[in-house]
Undergrad: 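Have a look at the structure that comes next, please.
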Number of protein chains: 2
Amino acid sequence: MERVKRTPRGTRKRDVPLTEAGICTSALRLIDADGVEALTMRKLAAALDANPMSLYHHVPNKEALLRGVAGMVGARFRTVTLEDAPWQERMRLLATDFRTLAHRHPNLMAYSFSQPDFIQPEDPFWVALTAVLDAAGVPQSDIPQLAALVCAVVIGVMIAELNGALHRWSNLQPTTPASGEDGPTNEGFGEDRMFRLVLDTIISGMESRLTADHAGGRDGQPPQNSRRASRRIPRQLRPPAALCEGESRGNPVSDVEAGFDLKEQ
Amino acid sequence: MERVKRTPRGTRKRDVPLTEAGICTSALRLIDADGVEALTMRKLAAALDANPMSLYHHVPNKEALLRGVAGMVGARFRTVTLEDAPWQERMRLLATDFRTLAHRHPNLMAYSFSQPDFIQPEDPFWVALTAVLDAAGVPQSDIPQLAALVCAVVIGVMIAELNGALHRWSNLQPTTPASGEDGPTNEGFGEDRMFRLVLDTIISGMESRLTADHAGGRDGQPPQNSRRASRRIPRQLRPPAALCEGESRGNPVSDVEAGFDLKEQ
DNA sequence: ACCTGAACACCGTTCAAGT
DNA sequence: ACCTGAACACCGTTCAAGT
């Protein structure tokens, strides 16, 4: 009995012994086609023309397999490091490159994004992001938290983009329909533009925080008009509902004057 | 044979006929305890002391059941509408209230957030959000897209918070370990603070866009220093990799001067 | 060492049959 | 009308047995 078999369509498979890499590659192909939830050890084995149980000699279980696939494409992330460019441009480039990778395997990424261990400290994306924040002048001690927030924001927008929520929400009617017009007018609105808008917005917000930080405290004249007025308003006009862990937030009205004061002072 | 039975532990169940609401309530209890992925039609039936097949007379299938549960807790969202407060404060309050709801049922929310139809046009959260953006002076035509982005950002941070990624990322070592210190020093860093920081940052970014919009174009003196300098830099220093749909973005260097120019002009 | 068939303990769901 | 038992078509995974 020969090992090389032919599928009903005649394509040749399994002329090579099973490998973890080969299994992951085939799994990725199935995920790209039908999504993570449609991936099955049995279907994967069939695609590899192998016995379902043979997979377990190379992969401990399905969860580890998915981790392997995610790690495989995560390692494919590439970006250029423009040391001389301003940090704003580097951050935009980094986020755009990340998004490009996500667009390459949307089904896998929609799954990976909800895994807490998706980003590892050695990942080139994380390394580049912390480097950019360092170049921006963020204090060393605040870099991890701020990088985490940037990750969360960027990934949040991409989740909403990949599962179609961004598109659907964008076409929801505003509260006041104005007049009987013919449906949503945002046909050519473009997720590209929205992604760039989010980037520009958080970069603007970071810029104003960083410059306020460098200007030093509350003495400088207000830069435009209302940017700092909102900070004088008490943070919470009513007591917040209890959180899960019953944790009480230290000082309810900690007025954040400027800068990234993440640490307990 | 009586309908009221007792479980092995003696607690009484099913003294009331099956209802869709009752099924959803029981499902929510199981989800709160063990997560969505652990919910099973058979386990749910056992919790209701019913035959697994009886559920299908009140709920078409498991997917619809989960939609029903999500809709049930989504309808529980409440917020106060402070008509007189500045839009920044209203937006903060709205996001915080949303987060409070998410903390009440984290397992369900972590699932719901990845469903594209989680937010419906009639949802009080959406209505309130669009009202806030309207009060902020966002042009009517841009409100849906901007609200969608706010949703995506806020939900993204909450996903990362609920699944622990935010906490893990925050404790990743920076690239330069400085010295052999004893691990991460961010023990009391607090997701509350990080959530507020994201809110403040996007609000700051929106403020600078809105005020720049009102000031009208590029003639006004630069407000502080670098906020607008980054816009003069060409957007893309290298050609972007092809996106999924092969869609070419119109003008690669569309310099966004100010305001929310989401529409194709 | 690598593979495999049978089997186990689960799923969601259909359907014919009960009351 | 509402409920139910049996059954179907799947899962992931274990395990003893093969080569």
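Nothing here was measured: the structure is a model prediction, and the numbers come from that model.
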Undergrad: Base contacts versus sugar-phosphate-only contacts with protein, heavy atoms under 4.0 Å: please encode nucleotides 13-19 of chain D as B, S and - from 5' to 3'.
TA: BB-----
Undergrad: Which whole-number value in Å describes the distance from A:Lys43 NZ to D:dC11 C1'?
TA: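 Interatomic distance, NZ of A:Lys43 to C1' of D:dC11: 10 Å.
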Undergrad: Starting at CG of A:Leu101, measure out to OG1 of A:Thr79 and round the result to the nearest 0.5 Å.
TA: 11.0 Å
Undergrad: Quickly work out the A:Leu55 CG to C:dT4 P distance and round it to whole Å.
TA: 10 Å
Undergrad: Could you spell out the base pairing of DNA chain D in dot-bracket, with Watson-Crick or G-U pairs whose two distances are under 3.5 Å, [ ] crossing and | to another strand?
TA: ||.|||||...|||||.||
Undergrad: Report the relative orientation of the aromatic rings in B:Phe77 and B:Phe125; use parallel for angles under 30°, tilted for 30 to 60°, perpendicular for over 60°.
TA: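 The arrangement is perpendicular - the two ring planes meet at more than 60°.
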Undergrad: So, A:His103 and A:Glu161: side-chain donor and acceptor under 3.5 Å apart, yes or no?
TA: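 Yes, because at least one side-chain N or O of A:His103 sits under 3.5 Å from a partner of the opposite role on A:Glu161.
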Undergrad: Determine the interplanar angle of the A:Phe113 and A:Phe98 rings, folded into 0 to 90°, and report it as parallel if under 30°, tilted if 30 to 60°, perpendicular if over 60°.
TA: perpendicular
Undergrad: Quick check: closest heavy atoms across B:Ser170 and A:Pro144, and the distance to 0.1 Å?
TA: O-CB, 3.1 Å
Undergrad: Going by atom type alone, with no hydrogens or angles, which donor-acceptor pairs under 3.5 Å involve a side-chain atom of residues 21-29 of chain A and a protein atom two or more places apart or on another chain?
TA:
{"from": "A:Thr25", "atom 1": "OG1", "to": "A:Ala21", "atom 2": "O", "distance (Å)": "2.8"}

Undergrad: Which heavy atom in A:Ala152 sits nearest to a heavy atom in B:Trp169, and how many Å separate them?
TA: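 So the minimum-distance heavy-atom pair works out to N-CZ3, 4.0 Å.
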Undergrad: Tell me the closest heavy-atom pair linking A:Leu149 and B:Val198, and the distance in Å.
TA: CD2-CG2, 3.4 Å
Undergrad: Once side-chain hydrogen bond (donor to acceptor under 3.5 Å, both in side chains) is applied, what residue pairs with a partner in residues 30-42 of chain A remain, sequence neighbours excluded?
TA: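 Found A:Asp32-A:His105.
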Undergrad: Kindly list each side-chain donor-acceptor pair under 3.5 angstrom involving residues 56-75 of chain B, sequence neighbours excluded, with atom names and distances?
TA:
{"from": "B:His58", "atom 1": "ND1", "to": "B:Ser54", "atom 2": "O", "distance (Å)": "3.4"}
{"from": "B:His58", "atom 1": "NE2", "to": "B:Leu18", "atom 2": "O", "distance (Å)": "3.3"}
{"from": "B:Asn61", "atom 1": "OD1", "to": "B:Glu63", "atom 2": "N", "distance (Å)": "3.3"}
{"from": "B:Asn61", "atom 1": "OD1", "to": "B:Ala64", "atom 2": "N", "distance (Å)": "2.9"}
{"from": "B:Lys62", "atom 1": "NZ", "to": "B:Leu39", "atom 2": "O", "distance (Å)": "2.9"}
{"from": "B:Glu63", "atom 1": "OE2", "to": "B:Arg67", "atom 2": "NH1", "distance (Å)": "3.3"}

Undergrad: Strictly below 4.0 Å, heavy-atom distances to any atom of DNA chain C: list the hits from residues 20-40 of chain B, or just say none.
TA: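 Close to the strand are B:Leu39, B:Thr40.
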